[in-house]
Amino acid sequence: SSDLLVKDDESEGSAGKNAITYIQSLLDLREQYGRFLSDAFQSSKVFARAIGSDFEHFINLNTKSPEYLSLFVDDKLKKGTKGMTEQEIEAVLDRCMILFRYLQEKDVFERYYKQHLAKRLLFNKSASDAEKNMISRLKTECGCQFTTKLEGMFKDMVLSNSTMDDFRNHLQKTVVCIGQMVSSRIPIWSRILWMGSI
């Protein structure tokens, strides 16, 4: 069954679904080994290192692991407000960070995560608190250089929303009929931070 986890599935339509299944299977497997470690080996540090080392090797056999982990997080954060409590989302993100630590190509994860975050923010599908908590976890794990652009994207969205609200208020004060024409949100962002994200 572990061989099935490592295989790359190149079919275009099933990539997102396979990513979710792949990462969920890895999370379940990691949890199973964690229970085995605590129950059978009383959380022995020697066995914990061996499991961690083997898991790191295993997850990096699939070159799509960084992308798939980002897709999994994207799926959970998009659906975060539907059907999952905040505690459940936090637990999933904590488990995802365990897998993230095993990734050798964290920069590839960051590239995909930035693209997915941009789409969530622009299409207003972001669970804001969970997003900030995830970025905080990444910052703790990799340092502020890793998350600078991600945090900048959040600041841009706050600035964009504030600017649009000010603009709408200005239009309502000056010309009521024009204010009705401008009902959609037009995002304003720093071009440098968002280039290549969409």
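Residue indices begin at 1 and follow the sequence shown.
- The shortest side-chain heavy-atom distance between Glu56 and Gln104 falls under the 4.5 Å cut-off.
- The two atoms that bring Leu93 and Ala130 nearest to each other are CD1-O, 3.9 Å, heavy atoms only.
- Comment: Glu90 engages Arg137 in a salt bridge, judged by a side-chain N to carboxylate O separation of less than 4.0 angstrom.
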Next item on the list: Report the C-alpha separation of Ser25 and Leu29 in whole Å, then their side-chain angles, then the decisive distance to 0.1 Å, and conclude whether the side chain to side chain contact (heavy atoms under 4.5 Å, CB included) test is met.
Entry: CA-CA 6 Å; Ser25 297; Leu29 184 64; over 6 Å; no

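- Tested against His57, the residues Asp54, Asn60, Leu61 include a single side chain to side chain contact (heavy atoms under 4.5 Å, CB included) partner, Leu61.
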Next item on the list: Show your working on side chain to side chain contact (heavy atoms under 4.5 Å, CB included) between Leu99 and Phe72 and close with a plain yes or no.
Entry: CA-CA 11 Å; Leu99 294 184; Phe72 182 84; over 6 Å; no

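- Contact of the Arg95 side chain with the Glu31 side chain is registered, since non-hydrogen atoms from C-beta on lie closer than 4.5 Å.
- Both tests hold for Arg120 against Tyr113: distance to the six-membered ring centre under 6.0 Å, angle to the ring axis within 45°.
- Among all heavy-atom pairs drawn from Tyr68 and Asn62, the shortest one is CE2-ND2, 4.2 Å.
- Pro66 and Val108 make their closest contact through CB-CG1, 3.8 Å (heavy atoms, listed as atom of the first residue, atom of the second, distance).
- No side-chain heavy atom of Lys132 sits less than 4.5 Å from a side-chain heavy atom of Glu151.
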Next item on the list: Quick one: do Ser160 and Asp156 satisfy side chain to side chain contact (heavy atoms under 4.5 Å, CB included)? Show the steps, please.
Entry: CA-CA 6 Å; Ser160 174; Asp156 285 347; 6.0 Å; no

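- Put simply, the side chain of Met97 reaches to within 4.5 Å of the side chain of Leu138, judged on heavy atoms.
- Panel note: side chain Glu67, backbone Lys64; no donor-acceptor pair is recorded below 3.5 Å.
- Ion pair Asp74/Lys78 flagged as a salt bridge, since at least one NZ, NE, NH1 or NH2 atom sits closer than 4.0 Å to an Asp/Glu carboxylate oxygen.
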Notebook entry, point to check: Yes or no on side chain to side chain contact (heavy atoms under 4.5 Å, CB included) for Tyr112 and Leu71, after CA distance, side-chain angles and deciding distance?
Noted result: CA-CA 8 Å; Tyr112 284 110; Leu71 280 167; over 6 Å; no

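- Across Cys96 and Val73, no two heavy atoms sit closer than the pair SG-CG2, 4.0 Å.
- In this structure, the side chains of Ile23 and Leu26 come closer than 4.5 Å at one or more pairs of heavy atoms.
- Taking each heavy atom of Leu103 and Ser65 in turn, the nearest pair found is CD2-CB, 3.9 Å.
- Residues passing the ring-ring contact (aromatic ring centres under 6.0 Å, His included) test with Phe55 are Tyr102, sequence neighbours excluded.
- A donor-acceptor pair under 3.5 Å is formed between the side chain of Thr140 and the backbone N or O of Ser136.
- Ile59 is not listed as a side-chain neighbour of Leu69, based on a closest heavy-atom distance of 4.5 Å or more.
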Next item on the list: Check step by step if salt bridge (charged side-chain N to carboxylate O under 4.0 Å, His left out) holds for Glu88 and Lys76.
Entry: CA-CA 10 Å; Glu88 290 171 330; Lys76 296 305 174 194; over 6 Å; no

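- Note on ring orientation: taking the six-membered ring where Trp is involved, the planes of Tyr33 and Phe36 are perpendicular (angle over 60°, cut-offs 30° and 60°).
- In this structure, the side chain of Asn169 engages the main chain of Asp165 through a donor-acceptor pair within 3.5 Å.
- More than 12 non-hydrogen atoms from other residues, nucleotides or ligands lie less than 6.0 angstrom from NZ of Lys106.
- Between the side chain of Thr147 and the backbone N or O of Leu150, no donor-acceptor pair lies under 3.5 Å.
- Nearest heavy atoms, Gln42 versus Asp39: NE2-O, 3.7 Å.
- Of the N and O atoms on the side chains of Gln24 and Asp28, at least one donor lies less than 3.5 Å from an acceptor on the other residue.
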